[in-house]
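Here is the structure we will look at.
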Amino acid sequence: MKQTVYIDVLMAVNFFLNYFLLLACAKFLSLTFKRSRLAIASAVGAVFSLCVLLPEYPAALSLTIKFLMSVIIVLCAFGFGGIKRTIRNTLAFYVISFAFAGAMIAVWYFLAPQVLIIRNSIVYFNISPILLIVLAAGCYVVLTLIGRITGRRAPKELFCRITVQYHGISCGCNARVDTGNSLREPFSNYPVVVIEQSTIQRLIPPEGDLNFRLVPFEVVGGSGVLKAFRPDRLTIHYNDRIIQVSNVYIAVSPTRLGSYEALLNPDLLQTSG
């Protein structure tokens, strides 16, 4: 039986699905995000959904194209914070997508072939705009409840996005405003931001560099020193503010910091230059 595919419904449905999948991914990983970037990534996914109009291609090719599309969508939504971060974000996107796939299978079972078509790994629902809005609102409520039950939802004001610039190279990552981070470089007394080594690796200068320092630290389990350097500029995106700082040091953490990639000294939020 032939099915009629309405392009506007196809793109609208996939836009909403991608948006809420990315939103769930951001909440699950405690990522800072901009809704505008999620919208752009969702729009890219909606354009990719037009593949449903193409002749059906082999399974291997379909999986390859689907994977590449997923990576592009994730990069549009959260940016590139290194290969490891991109892989982690993409895997989380897939895990959440598989959870939604279970619901799609149920819809397929009860409603197919009347309102649902799956072709080239793309889902098409022939539903009314009002029902689409209701389903989207329901998805948002479910995601919010899941975030509260699992306890993975963190206060928005504790997270921000930072970009480190050094010798013409930039590196962006997600940071947590750590009220327990009072580290300062001992000679300049400049505040210190701690960033995972895997994230900042390509910016770290050699030990003989004039900007290279050793910053002592103390924690409950003991004390030690962290390699650090002074960047050309640190840009902090905090809520609706953009703060640019040059009087700062970046300390390199050889171990992971959790679901975020950097610990930001809260004193930097009071700095204007």
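Within the model, atoms SG of Cys171 and CD of Gln201 stand 10.5 Å from one another, a figure rounded to the nearest 0.5 Å. Between Thr64 atom OG1 and Met69 atom CE the span is 10.5 Å, to the nearest 0.5 Å. For the atom pair CD1 (Ile73) and CG (Leu22), the distance works out to 7.0 Å, reported to the nearest 0.5 Å. Atoms CD1 and OG, from Ile72 and Ser70 in turn, are 9.0 Å apart once rounded to the nearest 0.5 Å. Taken to the nearest 0.5 Å, the CG atom of Leu257 stands 4.5 Å off from the CD atom of Glu196. Taken from SG in Cys25 to CZ in Phe78, the straight-line distance is 4.5 Å, to the nearest 0.5 Å.
Between Ala251 and Ala228, the shortest heavy-atom contact is CA-CB, 3.8 Å. Nearest heavy-atom pair across Phe229 and Ile204 is CE2-CA, 4.2 Å. Counting all heavy atoms, side chain and backbone alike, Phe67 lies closest to Tyr94 at CA-OH, 3.2 Å. What you find for Leu38 and Tyr19 is that their closest heavy atoms are CB-CE1, 3.6 Å. Between Leu214 and Pro216 the shortest heavy-atom distance is O-CD, 3.6 Å. Of all the heavy atoms in Pro254 and Leu226, the pair that sits closest is CD-CD2, 4.1 Å.
Annotation: side chain of Thr235 is in contact with side chain of Arg233 (closest heavy-atom distance under 4.5 Å). Put simply, the side chain of Leu183 does not reach to within 4.5 Å of the side chain of Pro191, judged on heavy atoms. Contact annotation: the side chain of Val194 never approaches that of Phe217 to less than 4.5 Å [non-hydrogen atoms, C-beta and beyond]. The shortest distance between side-chain heavy atoms of Tyr166 and Ile169 does not fall below 4.5 Å. Looking at Phe212 and Pro206, their side chains never come closer than 4.5 Å, going by heavy atoms from C-beta outward. Tyr190 places a side-chain heavy atom less than 4.5 Å from the side chain of Arg230. Between Val164 and Ile200, some side-chain heavy-atom pair lies under the 4.5 Å cut-off. By the 4.5 Å heavy-atom criterion applied to side chains, Ser253 and Ile195 are not counted as neighbours.
Counting only distance, with no hydrogens or angles, the side chain of Arg161 and the backbone of Ile236 share no donor-acceptor pair below 3.5 Å. With hydrogens and angles disregarded, a donor-acceptor distance shorter than 3.5 Å links the side chain of Arg202 to the backbone of Ser170. With Gln165 contributing its side chain and Leu234 its backbone, the two residues share no donor-acceptor pair below 3.5 Å. A donor-acceptor distance shorter than 3.5 angstrom exists from the side chain of Arg241 to the backbone of Leu269, with no hydrogens or angles considered. Within the 3.5 Å criterion, the main-chain N or O of Tyr249 finds no donor-acceptor partner in the side chain of Arg213. A donor-acceptor pair under 3.5 Å links the side-chain atoms of Glu185 to the main chain of Ser188, judged by distance alone. Judged by distance alone, with hydrogens and angles left aside, the side-chain atoms of Glu261 form a donor-acceptor pair with the main-chain N or O of Asn174 at under 3.5 Å.
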* List the steps and the verdict of side-chain contact (heavy atoms from CB on, under 4.5 Å) for Ser246 and Asp232. => CA-CA 6 Å; Ser246 57; Asp232 298 328; over 6 Å; no

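The same ILVMFWY cluster, assembled from side-chain heavy atoms under 4.5 Å apart, contains both Leu68 and Leu75.
In summary, the side chains of Arg184 and Asn265 do not present any donor paired with an acceptor at a separation below 3.5 Å, with no hydrogens or angles considered.
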